[in-house]
2 protein chains.
Amino acid sequence: MVEPTDMEDSETVSLHQRILSDIREKILSGTWAPGHRIPFEHELTAEYKCSRMTVNKALSQLAKAGLIERRRRSGSFVRRPQSQAAVLELHDIRIEVEALGLPYRYERLERLQRRSNAGDRALLGLSTAGSVLRLEGLHFAGERPFAFEQRLINLSAVAEAGDEAFLEIAAGPWLIGRVPWSEAEHRIRAMAADETIADALDIDPGAPCLVVERRTWSAEHPVTHVRFIYPAESHTLVARFTPSQG
Amino acid sequence: MVEPTDMEDSETVSLHQRILSDIREKILSGTWAPGHRIPFEHELTAEYKCSRMTVNKALSQLAKAGLIERRRRSGSFVRRPQSQAAVLELHDIRIEVEALGLPYRYERLERLQRRSNAGDRALLGLSTAGSVLRLEGLHFAGERPFAFEQRLINLSAVAEAGDEAFLEIAAGPWLIGRVPWSEAEHRIRAMAADETIADALDIDPGAPCLVVERRTWSAEHPVTHVRFIYPAESHTLVARFTPSQG
DNA sequence: ATGACGATTATGTATATACATATTGAAACG
DNA sequence: CGTTTCAATATGTATATACATAATCGTCAT
């Protein structure tokens, strides 16, 4: 991982970008501490010899990113770091496994189409009955089970799923590409493996597992609920917090 | 929680905002599916009866948010949903406990100032030796232990921490407000409680725990490494993914 | 056919300008 | 002395304009 060294004459960046990263740098380095008033737009206009619009765009962006706060008549101020929020990347399991240099394989354990029961509706957040598809499967990294997946698909939202076997392809990648932009909620917790899980993952009952549950909506409609269960040793989630690039 | 009902005549939003949310809505609802070419700037200019700059600002923002992709000469296209990223809110533990309606209390178990050893340097990501402060403490929710905290503070970066006892205030809230904007990396995993942890949290050895580790840098300098250990039942992390508001 | 080239087109960036709006500080007033 | 009023000021939003840049398409010569 070699970063491109700052070329002295790399003048390919726009002025807007330069103003933005200059100020960002001053804030992150602590040169301008929280509460500090950063120069007025007209001062930056003079400093960078550009129009106010250009400066304004940069500052608005920093404000949207939460690094500064802008107050009419008073100026712009460095905000104090607030509630730590981190961005959690949740890749497809295939990607994760292949990143480990291991061959990936998916194997379906169970497939069941049924009218939704109360439990299904609770998991999906559905208020009315309808058909659901219940899937269980295993993701392998090489010969070892990597994650156990329990999924519920709302067939009212994705009818075509009813025609798929999901024998060797997991529903996750299948759903992406078929369902438009969606919202999701994740819940992450630790859990002791019960009989079913221990059996599937080939670990001892009671062994600690990491559980990631995801509920997905598209255009306000519940699409799927999925639970990934990882043996504790096999998986660590990584989240980064970098004061937004704007 | 009552949301303000959409007032018919709420014309307080800027045109820029209206264009932005109009298009966003069309994408999220699936009206404009991934791959669809959205109207050219000059078409939107006509539709909204505004200048190209205004339209351009809105589209640029959607592009930055990752919802659309812009190609010169070709137009702007709805992107297909990519790697699921979710925003994980990591609140102060006091906040979490109080949200449960329980009284919060912190209790220090150990405080140790020493010259960094190899293990310390590995955890903090330090290359040179120096003083570190090692802390262990318990966060209580009511009478029950809620989380066990193991922390390492780089005293070269935050010298004042050496003068603090951290008897009844955790180092986390103390550090915020003293350290400017920072970067952080989180690792989340499941773990079986060892003797020390089981003892501190008053749970059985081997019981599953959720572990959140955070490394923090400020202006490239390692500041602190902290490990929060939660009994599996007491804690669930929640992360949301909403296609960026731009 | 094939490849080179130039015109066309949509976006990218920047400017100068205008007026709206919120807030502050000072002057005017009771 | 406290309150009201008003002008000054920094930001917020929008316009019209200009030129740069990248990609595409059609034309033309080979």
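Sequence lines set the chain letters: A, B, ... in the order given, protein chains first and strands last, and positions in each chain run from 1.
Atoms CZ (A/R72) and C1' (D/dT9) sit 12 Å apart, rounded to a whole Å. Atom CZ of A/R73 and atom P of D/dT11 are 11 Å apart (whole Å). When the P atom of D/dA23 is taken as reference, atom CD of B/E69 falls 11 Å away, rounded to whole Å.
A salt bridge is defined here as a Lys NZ or Arg NE, NH1 or NH2 lying under 4.0 Å from an Asp or Glu carboxylate O, and A/R71 with A/E69 meets this definition. Salt bridge status for B/E43 with B/R37: present, with a side-chain N to carboxylate O gap under 4.0 Å.
Taking the 5' to 3' direction, DNA chain C first and last meets chain B under 4.0 angstrom from a heavy atom at C/dT8 to C/dA14.
Between B/Y104 and B/H139, the ring planes are tilted. Angles from 30° to 60° get that label.
Heavy atoms of B/L59 sit nowhere under 4.0 angstrom from any nucleic acid atom.
Crowding of A/E220 atom CD: a count of heavy atoms from other residues, nucleotides or ligands under 6.0 Å not exceeding 12.
Along DNA chain D, the nucleotide closest to B/M53 and the one closest to B/K57 are compared, and the more 5′ of them pairs with B/K57. Each of A/K49 and A/R71 was assigned the nucleotide of DNA chain C with the nearest heavy atom; the assignment lying further toward the 5' end belongs to A/K49. Comparing B/E41 and A/S74 by the nucleotide of DNA chain C that holds the closest heavy atom to each, the one mapping nearer the 5' end is B/E41.
With sequence neighbours left out, A/F140 forms a ring pair (Phe, Tyr, Trp, His ring centres under 6.0 Å) with no residue at all.
In summary, the aromatic rings of A/F228 and A/H235 are positioned with their centroids too far apart to meet the 6.0 Å limit.
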